[in-house]
Amino acid sequence: MENFKIHFKNKTEFKDIDKITEKLTKIVGSEKISVDMIDKIAYGKDYWLISNLMTLKGTLPCLPDIILWPQTAKEVSEIIKLANNYKIPVIPYGEGSGVVGGALAVNGGIIIDTKYFDSIEINSTNMTVTVGTGLNGAVLERNLNELGLRMGHIPQSIRTSTIGGYIAHRAAGQFSGIYGKMEDIVLSMEIVLPTGDIISSKTYPRASVGPMVDRLFLGSEGTLGIVTKATCKIWPMPEKQGKLSYLFTDMQHCLDAIRETLQARINPGVIRIYDKKETERHFGETIKESKDKIMVIFVFEGIEKLVDLELQITSGNCKKYNGIASGEKPIDHWFKTRFKVSEASEFGPYDQVMDTIEVACMWDKSKEIYDAVINSLLSVPGIYLASGHASHFYSTGVCWYFTFSGIPKEGKDHFTLYNEAWDATISTVLKTEGTASHHHGMGINRGKWMQLEHGEEFKLLQKIKATVDPNNIMNPGKLYLEEIQKKEL
Amino acid sequence: MEIIKKFSKQKWLIKLIMDMDKEDRSNMLAGYKKRKRYYTSNLTDFEVNLKDLAKCALCPDMCGFDAPCLLVSKKTTLSPQNKSRLALFMGMERIPMDNPSAISVLYSCMNCDACKHWCPMDISAGELMVEMRCELEKRDLVPEKLHHLKNRIDDNGSVFEKAPYTEESEFNIDIPNAEVFYYIGCVSATERKSMVRANIALLNHLKVKFTTKFQDRNCCGSPLYKVGYKSVAKDLAQKNKDTINNSKTKIVLTDCPACLNMLKTTYSDWGVKIKPKIMHFKDFLLNKIEKGELKPDKPVDKVITYHDPCIFARGLGETEISREVFAKIPGLEVKEAYLHGEETRCCGYGGGYHVTNKELSIKEGLIRLEQLRKHSPDYIVSTCPTCELSFLEAQKNSKNNNYTEKIKDLSEIVAESLGLSF
């Protein structure tokens, strides 16, 4: 397979690879290990835009050395102990839908596919589900729905992502307004540490027993261990779903209407603001009156009486800030199209650079960050489209989701344009006191912002990593890069 | 301009293009014009739809959660998107066409079209895999374990070792002046005899003059086409057309959705037109019940769960006929599986999967069987002999020996309600 160019070429060749393979085979069995090039090609990518551009060019982002499918935490533990002996990287892999290069084996090594961790145990008194972290999100939701239950974590990637991925990235689903982000949903975890030790945290409603150790692993992106099991909150299917949409002319007005609603303890499951460009793109054809307007949609879920009250109060707030009611049609349209992800497939072959960046900020910076990021993106030569929507809201702030598109000017390549757009966005966000990512994680292309994001606490984070993973075997090349120190705003 | 015409419905895009500076617009148009280089292969006589292959390869696998090969194998390599990506690399000559592992991936698909059902671009990775398998056949690269399938169909017209279509067969019936040709599927004739007997009993009850034309019939070609033998399947299509069109047949009745789909849709796509009406038994029976020619009035006091065959539910987009038939049968209680209708799950036997990946095929059959058993039905009913065979095999291969439910075809239920012995 010498026809392939490999982008992140492994610098170190593992000398004892045959011996390592032999020992790993003893742990997982001959059918649960592969060194076949076809498997390596499949596991050598994720859904980072750059990975996708490489597919069209016939380039591979990276090539892991070995792929394993362990079935128990004990097997994972033995694999990790062996990896420590040979100082070979270990990268956990769910379904590879991450968009920031987090699952790429940039230094080669062992991929641990977690898909055999797919158990489901429901406790309907406590309303919890204990799941294997390799379970696909939509498969879990289907299983729960069949019993009249739901976890309610519905990211756009739900059909192609795992519980482990959600935990590793502190993911957010479309209904985060009610069900919360993954850190709100997870109660406890079983974790295989980078030394091979297996730890389990206790499941409790709340406690006061010293620091919450397992919280460290939420958002650790596979760098501090492998979460093999998690207990999460579940809920009954809602009695009623309420839909509401309003059109605004002024962005600050719609932000204020939503802020006041949330601070009055009204919790819509879904709130989405589409700026004027995105309103035109998503609703231009179906909602004619949306021309030159900002579309805001709400979805409420729960007991009928409560939902009706929430609809009433939210409507009042929208009207107070000059919102014009736009009925249920925009929400129906959103429900119909919310999983239709085809932009990369449709526009990728046109050699466009097109990506999204999600960030978060407190309410007092919300409008400022939106304006600043749009302006900074449009100032990048070659970027001809910059737009935004907001998709997750809290009583304290908001998650902005920016979309950009461009083609490199003469003399520049796609990768440079891509990095320039990202740099422009993240540096603007950090300067404006925002946070670099809301739920996609840092991975490769945001790793360099870790120190600026965390400030002084980054040193502590590095010390923790060095203590927990002394040989730096867990997903190396992510989050704690040395280059982070060198990057300037 | 071509691009303006293409995106005429997306006004925002047109506006965006018009507002760009000259260099950006020129770059964008250049990118658009050059897109076809990604859809072109230098391989000789390579006929795969590379545009769809590229689109599928660039998707994040939005169908992955329902793709049975991925679910049973737990190998990301076998997700629809990854299969397309590997096939794309084969088209680009990055991966040689004769790579055994890549070939094995191309055959790791049950052709159930669950992927297409969820696809935002309406692409069937299964169809793309069939196109790739046809490329393998052109290059004499079809895996050896599939050769016998072709040989058997050459020898005895069925996928089975033992010929079902013999003069001595109880199903060899030729009533003079027959206007109905009962095109018995090879799985039906071999493994689902009770269903064939029920169908014959129903035809006799209706006093239909029918033939099974055993000496002249040919395999529909579906099992061969799905694994890559397109040219052989086309020859069979031609032979079937000649046999049927040169007879007095007015209706071709089949008990197998794969046969129906070939005779009706695939042949037609190949320009081979079968003149008589082609019907599956379920449609025929509903028609007869609605006309009052069949009166299923004997109560069948059973709980059933219906398994929608993927060819009907997703391939042909039809899920209601069988349920309408059940509604006409007194005493019958239908309890639906959670995954039913268009969201039905594969039985594990599609696309030659049982031949290429026997163990996983049985595993898939067991998973589906357990889903169908959730309401403890008396009968699990389907309208596809292959699905029914899969569930029978799953019962046999399972460690669980508490199976009490029976696997039945819809025809058997109708015959039971008419009090027919078969």
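Lettering of chains follows the sequences in order, A, B, ..., and the numbering in each one begins at 1.
A donor-acceptor contact closer than 3.5 angstrom is absent between the side chains of Asp275(A) and Ser387(A). Side-chain contact check for Lys75(B) and Ser34(A): no donor-acceptor pair (N or O, by modelled atom type) lies under 3.5 Å. For the residue pair Thr319(B) and Asp308(B), no side-chain donor N or O sits within less than 3.5 Å of a side-chain acceptor on the partner.
Considering only heavy-atom pairs separated by less than 4.5 Å from chain B, the leading option among Gln156(A), Glu95(A), Lys340(A), Lys409(A) is Lys409(A). Heavy-atom pairs under 4.5 Å with chain B were tallied for Leu56(A), Val139(A), Asn136(A); the largest tally goes to Leu56(A). No other option in Gln81(B), Met20(B), Arg85(B), Arg37(B) has as many heavy-atom pairs under 4.5 Å with chain A as Arg85(B). For the set Thr160(A), Leu385(A), Asp46(A), the entry with the most heavy-atom pairs within less than 4.5 Å of chain B is Thr160(A). When each of Arg142(A), Lys45(A), Lys115(A), Glu280(A) is checked for heavy-atom pairs under 4.5 Å with chain B, Arg142(A) comes out on top. Chosen from Asp66(B), Asp21(B), Leu78(B), Leu88(B), the residue pairing most often with chain A at heavy-atom distances under 4.5 Å is Asp66(B). Taking Pro120(B), Pro60(B), Cys56(B), Gly64(B) one by one and counting their heavy-atom pairs under 4.5 Å with chain A, the maximum is reached by Pro60(B). Chosen from Lys83(B), Lys374(B), Lys34(B), the residue pairing most often with chain A at heavy-atom distances under 4.5 Å is Lys374(B). Of the listed residues (Asp24(B), Leu339(B), Leu86(B)), the one with the most heavy-atom contacts under 4.5 Å to chain A is Asp24(B). The residue among Gly96(A), Ser161(A), Gly58(A), Gly284(A) with the most heavy atom pairs within less than 4.5 Å of chain B is Gly58(A).
Proximity to chain B involves both the backbone and the side chain of Asn52(A), based on heavy atoms less than 4.5 angstrom apart. Both the backbone and the side chain of Met62(B) have a heavy atom closer than 4.5 Å to some heavy atom of chain A. Only the side chain of Asp113(A) comes within less than 4.5 Å of a heavy atom of chain B; its backbone N, CA, C and O stay farther away. Of the atoms belonging to Ser73(B), it is backbone heavy atoms, and not side-chain ones, that fall under 4.5 Å from chain A. Residue contact with chain B, scored on non-hydrogen atoms closer than 4.5 Å, is absent for Pro381(A). Contact of Tyr47(A) with chain B is made through the side chain alone, with heavy-atom distances under 4.5 Å. At a 4.5 Å heavy-atom cutoff, the contact between Asp118(A) and chain B is made by side-chain atoms alone. Proximity to chain B involves both the backbone and the side chain of Tyr116(A), based on heavy atoms less than 4.5 angstrom apart. For chain B, the nearby parts of Glu410(A) are the backbone and the side chain; heavy atoms of each come within less than 4.5 Å. Heavy-atom distances place the side chain of Asn82(B), and not its backbone, under 4.5 Å from chain A. When heavy atoms are compared at a cutoff of 4.5 Å, Lys277(A) does not approach chain B at all. Residue contact with chain A, scored on non-hydrogen atoms closer than 4.5 Å, involves the backbone of Glu93(B) exclusively.
His153(A) has its ring centre less than 6.0 Å from the ring centre of Tyr166(A).
Taking the six-membered ring where tryptophan is involved, the planes of Tyr418(A) and Phe404(A) are tilted, since the angle between them lies from 30° to 60°.
Leu135(A) has its side chain within reach of Ile120(A): a pair of non-hydrogen atoms, C-beta onward, lies under 4.5 Å apart. Between Leu60(A) and His7(A) the shortest side-chain heavy-atom distance does not fall below 4.5 Å. Taking 4.5 Å as the limit, some side-chain heavy atom of Asp351(A) sits within range of a side-chain heavy atom of Tyr38(B). Inter-residue side-chain proximity for Ile103(B) and Leu141(B) is flagged as met; some heavy-atom pair is nearer than 4.5 Å. Residues Leu144(A) and Ile122(A) meet the side-chain proximity criterion, which asks for heavy atoms closer than 4.5 Å.
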- Message: Assess the residue pair Tyr353(B) and Tyr107(B) against the criterion (ring-ring contact (aromatic ring centres under 6.0 Å, His included)); give the C-alpha distance rounded to whole Å, side-chain angles, the decisive distance to 0.1 Å, and a yes or no.
- Response: CA-CA 7 Å; Tyr353(B) 198 67; Tyr107(B) 282 94; over 10 Å; no
- Task: With ring-ring contact (aromatic ring centres under 6.0 Å, His included) as the test, would you mind laying out the steps for Phe283(A) and His333(A) before giving the verdict?
- Result: CA-CA 8 Å; Phe283(A) 301 100; His333(A) 177 70; 5.6 Å; yes
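Between Met354(A) and Phe347(A), the shortest heavy-atom distance links the atoms SD-CD1, 4.3 Å.
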